[in-house]
Amino acid sequence: MNAKNANLAWLRGCCGALVWGTCCVLSSWAVAQPTLQRVIRDSQQRVVKIYGAGGVAGLEGYQSGFLVSPAGHIATVWSYVLDVEPVVILDDGRRFTAQIVGFEPTLELAVLKIDATDLPYFPLPENVEVSRGQTVLAVSNLFGIATGSESASVMRGNIAAQSKLDARRGTFKTAYDGDIFLLDLIANNPGAAGGALVSARGQLIGMLGKELRDSATGVWLNYALPVDALRSVIGDIVSGVQRSPPAAATAVLPEDQAHGYETLGIVMIPDVLEKTPAFIDTVQADSSAAVAGLRADDLVLLVDGVRVDHQQMLRRLLRKRDRRDPVNVTVQRGAEILSFVLQPVPR
Amino acid sequence: MRLSGVNAVSKSVVWRSLLLLVAMGCSLPIPSWAESPLQVPQLVLEAEQQRIAAIEKAKPATVSVFVPGGAGGGSGVLISSDGYALTNFHVSSPAGVYMRCGLPDGKIYDAVIIGIDPVGDLAMIRLLGRDDFPMATLGDSDRVQVGDWCFVIGNPFLLASNLQPTVSWGIISGVRRYQYPAGTLLEYANCIQTDASINPGNSGGPIFDQRGDLIGIVGRASFEKRGRVNVGVGYAISINQAKNFIGYLRSGRIVDHATLGATVVTAPDGGAVVSNILESSDAFRRGLRYGDEILELAGQPILTANDFKNVLGTLPKGWRVSLVYRHGGQTKQTLVRLPGVHLEDELLVKMKGALPPPPPQPQPERPSRPSNDDPRQPGGDDEPAAEKTALEVRIPAHVAALHADRRGFANYFVNQQFQTKIYNALRERFPDASPKTRWLLLGQTPAGRDVEIVVADDFQRITLAATEQVEEQRLELTKPAQLYEAIDGRTPLATLTTLSGLRRMIQRGPEQYGDTYYLGTVPLLGETPLRDVLVGTTGDIETRFLLLDDQLQAIEAFAGRDRDPAELFLHYDDDESKLPMVLDLRFGLESEFIVNVQSWQTEPITEETD
């Protein structure tokens, strides 16, 4: 049995956080096994509460996240909560305004960054062994119970199965179509999304997903995204490989040289809000957008890999693109995430 | 039949626990037992045995509460062998006075309402017919940690039609949770959160730790879009909060929770800081001011406004507790009297509003289930049934005989019993009183000056004997208003106010004293053990008699709420002494007048020239 190896891996992971390293070593001497309480306490200290947009029309204005670097990188789900600059509250009660430093639409994953150092965090180990029936803990801010400096809630259950999500067939409305852990544990409650799924030894094994309901049966899904699916993207964002380039890095071009809605052939919905979402209203026939395959009601998420928050931002980004160059556009269409290359149409 | 039912429950629990433990497989080198016969490691077997023992220990005290007439029900737990049990206010309220309660022994007992705490969602009921009921062992909920194993026993979905309760096992998911008031009244402070299944009908039932000790009363769950079924988030009122209220609930009153008369916010750099304070509050009189940082309340450390609300929310109205705060760089320790969250009438009105409406009459076209709109609506955890209303149910005579109505009380009958008991204790220990006699107390001040105290119906006097330095001093009260002024003026004469209150009680008894009731139990000077309190109001003076084991330890006389009462402490040689050795009059926390008592007698009033 590889219990011993796993124990060592757990120790290595834990010692990354200096504060707790000593405790772990001591307790492993005494009992060679962290107690459930110890594992839970360590996990709670690595889970954060995230507050942002919402709080109306049955949309909760909060979700969960977990620290993935000592420098304050936080993995969470990409959702409407992040439509405003989110506020992050750590287990110790400290409160930060967070920056969104990267996101991956196909995983519905976002990485936030707060200005802090020496934080306890979850390492993202390779080759995490997860077996059916294994006991797991779900640590999250479900229902927003943990107000103020209260610690995140902990629930215990088991991995029921590892399976693909029936996403593309419209059973579950999500962009993610990879493997998931099905849980025998009612983990995916309001506000739980972005929480940590950890093993009984305190190893991170997944991220709790958004609430999903089977459109045919009405059954709510209890699941988590495996850390295997998240590791490389989180790693890239944390190490800076994937990063939204600073807005000022490229110069704004004169209007008659830059791209705009007209050069691409799209008409957006009226920009009447401070942050109007970048929904396409109509696509003009024979335009570069039409040739590439964009459609009305597509939501523009990325332009050349840069996140589009709202229409003003989309216009600013396009003003920095030379109208003779192609533009990469990623959109959300229903539950799907699609990417297109818009080639300039010669005039 | 009954036995096999018990076994079936335990067995399924045992198997589930066994599988879970094996599945965890944390510390144990598990042999490849797929191909060999099942060999269970010793540790797992021991854990299994402990779990069985805990459930066997806990289960007998679990109560299945049914509202007669099929108007719902819930759960409860026995905490004394003479039948006192705790449940939720929202479980007992649809029943009113009378409930039917099943125990796992397969018998059904009649139960009568005793006391209710609408704010804390607690109710005390009493099961009738035995004096040897099984009872739960009360644990210490302050020691409960996240991750501890726990289990809930109760009557979910009113399944216990064979009176065998349901056991669900889980872990503690959170502690020191504060759940904002739902509606206008209910507040869950410092509560316990668990992932053990809690469903409608579990309300009012017990949650136990892994040893089978009672750590809380289940009462609430987060429900939302998945319907009114467990979603892994249930809450329990901590047993330590319940312990604070047990004495109050036994009084038969409708009890209220405490406030400080000050609001507190968490400062940006940490700490719970006073953001507002009423000048009429005892906290203000004890020196607490705007901007002061609260460090401790009732012996519990306070680091945030959340901590403050959590601790305060578990305290009953009228308690006096310790307060430690920082004022101008100095740490100060004092005692504060806690007023109620509500005015008395306000509480009664709000409580009426919080009561679930009587179950609807059968109306086929209208669904009888409550809607799921309110995610945390605690009421209606009980399963409603629409066939009959509870109002049609006739209360059996032997239950009705143990209940009396009075405004502000759930059951005035039990309150009267306590009044009589305390009155008898006072009469037993203190000298007689009648219109034709007076009390004569002789003693000395600590400085050695002789003191004579006379207390009669309409005349009271303190005489301080002459010494070499000073002449004799006579302080007399001849008008009732002077008793009040003595408190107001913080003079030694307030000794006479408190003593005439005592004499009046002994002479007239609670029926004729004025407005009299038994309050319940409170700490004395912020300290346990809790003391019984009898309250009597006559004229404008409210007098409180604090007793421990039938021994009167303090008399507090209030002249209005906005100033310090006169407090007369009675110190005894030992627990058996009938009469005190020392009388110590205090205002706030300062002694004003001390008498070492040499004799305390009744003598006839003669026509002497006083």
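When reading the values below, keep in mind they use all heavy atoms of this one structure, side chains included, and skip hydrogens, waters and symmetry mates. In what follows, chains are A, B, ... by sequence order, proteins preceding strands, each numbered from 1.
Listed options B:T194, B:V175, B:T304, B:D148 were ranked by heavy-atom pairs under 4.5 angstrom with chain A; first place goes to B:D148. Top candidate by heavy-atom pairs under 4.5 Å with chain B, chosen from A:V154, A:N222, A:V136, A:I40, is A:V154. Between chain B and the options A:S131, A:S149, A:A146, heavy-atom pairs under 4.5 Å are most frequent for A:A146. The candidate with the highest count of non-hydrogen atom pairs below 4.5 Å against chain B, out of A:L137, A:V219, A:L185, A:I186, is A:I186.
Rounded to the nearest 0.5 Å, atoms CD1 (B:I171) and OG (A:S153) are 10.0 Å apart. Going from atom CD1 of A:I145 over to atom OG of B:S222 covers 5.0 Å, rounded to the nearest 0.5 Å.
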I would like to know whether B:V146 and A:Q44 meet side chain to side chain contact (heavy atoms under 4.5 Å, CB included); could you show each step before the answer?
-> CA-CA 10 Å; B:V146 177; A:Q44 284 176 321; 3.7 Å; yes
A:E150 and B:R177: CA distance, side-chain angles, deciding distance, salt bridge (charged side-chain N to carboxylate O under 4.0 Å, His left out) verdict = CA-CA 7 Å; A:E150 290 179 34; B:R177 293 295 194 217; 3.0 Å; yes
Start with the C-alpha gap between A:W220 and B:V231, add the side-chain angles, then the distance that decides, and say whether side chain to side chain contact (heavy atoms under 4.5 Å, CB included) holds.
-> CA-CA 11 Å; A:W220 294 90; B:V231 291; over 6 Å; no
Please test A:L142 against B:Q193 for side chain to side chain contact (heavy atoms under 4.5 Å, CB included), starting from the C-alpha separation and ending with a verdict.
-> CA-CA 12 Å; A:L142 77 176; B:Q193 181 196 342; 4.3 Å; yes
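Listed here is the closest heavy atom pair of B:G232 and A:M155: O-CE, 3.2 Å. When all heavy atoms of A:L36 and B:G147 are compared, the pair lying nearest together is CD2-O, 3.6 Å. Closest approach of A:R156 to B:W169, counting heavy atoms only: NH2-O, 4.1 Å.
For chain A, no part of B:D307 is nearby; none of its heavy atoms comes within less than 4.5 Å. Neither the backbone nor the side chain of A:D92 comes within contact range of chain B, judged by heavy atoms closer than 4.5 Å.
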